[in-house]
Amino acid sequence: MGPPAPSGATQIQLTLTVNGADHGLRLDNRITLLDALRDDLGLVGTKKGCDQGACGACTVLLDGRRVLACLTLAAQCEGRQVTTIEGLAGDGRHPLQEAFLRHDGFQCGYCTPGQIMSAVALLREGRAGSDEEIREFMSGNICRCGAYPNILAAIREVARAGVA
Ligand code: FES
Ligand code: FES
């Protein structure tokens with residue numbers, strides 16, 4: 001359960017569709033998608049870094065487009081498809097997850113779900129034509145461990161293989 005609602009908060013009933021499954025929830029109308037995913041649905045693969053829209057750790061897909069879950073209200077997501085790292089590849093691994101493993105695209109791993117969700121969208125957006133383009137369109141995802149060269153190598157490999 002999320003934190004208790006402050007007095008005067010409005011509770012709403014909504015259905016969130018996450019990774020293909022519907023979840024009926026009763027929430028404070030100001031709860032972010034990030035807190036709903038982590039605290040109410042137990043989907044803790046989506047990380048809370050800055051909680052201010054500055055780090056990209058909370059990146060998920062909303063109707064296939066990347067959004068920052070810490071800046072998105074859960075109430076905005078009813079009737080839309082939310083995809084988190086847990087639902088990216090069902091029981092298997094997405095080609096980007098395999099590539100991150102092959103290229104050591106992480107150290108502590110805290111930024112990794114956000115990096116991968118952002119990279120999924122980047123490939124769909126056709127923004128992986130060059131290293132410069134990948135760097136530019138991944139620039140909202142910060143890695144405090146500095147794994148950028150390996151992250152770039154992983155995304156480049158999948159982009160060139162055309163498997164995602
Ligand atoms: Fe959302 Fe940092 S936690 S951008
Ligand atoms: Fe540690 Fe990116 S792997 S923050």
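Just follow the structure's listing: the first ligand is 1, and inside any ligand the first atom is 1. The shown structure was predicted, so the numbers you read here are calculated from the model rather than taken from an experiment. In what follows, every heavy atom counts, from backbone to side chain, and hydrogens, waters and symmetry copies are set aside.
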**Q.** Distance criterion under 2.8 Å: protein N/O/S atoms around atom 1 (Fe) of ligand 2
**A.** 2
**Q.** Least distance between heavy atoms, E78 atom then T15 atom
**A.** OE2-N, 2.7 Å
Q: For residues I134 and A128, report the shortest heavy-atom separation together with the two atoms involved.
A: CG1-CA, 3.7 Å
Q) Going from CE on M117 to NE2 on H94, what distance comes out if it is rounded to the nearest 0.5 angstrom? A) 8.5 Å
Q. Taking atom CG of D35 and atom CG of L73, what is their separation to the nearest 0.5 Å?
A. 10.5 Å
Q: Please confirm whether the backbone N or O of Q11 pairs with a side-chain atom of D28, one donor and one acceptor, at under 3.5 Å?
A: no
Q: Could you tell me whether the side chain of E86 and the main chain of G45 form a donor-acceptor pair under 3.5 Å?
A: yes
Q) Going by atom types alone, do S118 and R66 pair a side-chain donor with an acceptor below 3.5 Å? A) yes
Q. Going by side-chain heavy atoms closer than 4.5 Å, which hydrophobic residues are tied to I142, directly or by a chain of links?
A. Y148
Q: Please identify each residue that fulfils salt bridge (Lys or Arg N to Asp or Glu O under 4.0 Å) with R65, with sequence neighbours left out.
A: none
Q. Ignoring water, what protein N, O or S atoms are under 2.8 Å from atom 2 (Fe) of ligand 1?
A. C50 SG, C55 SG
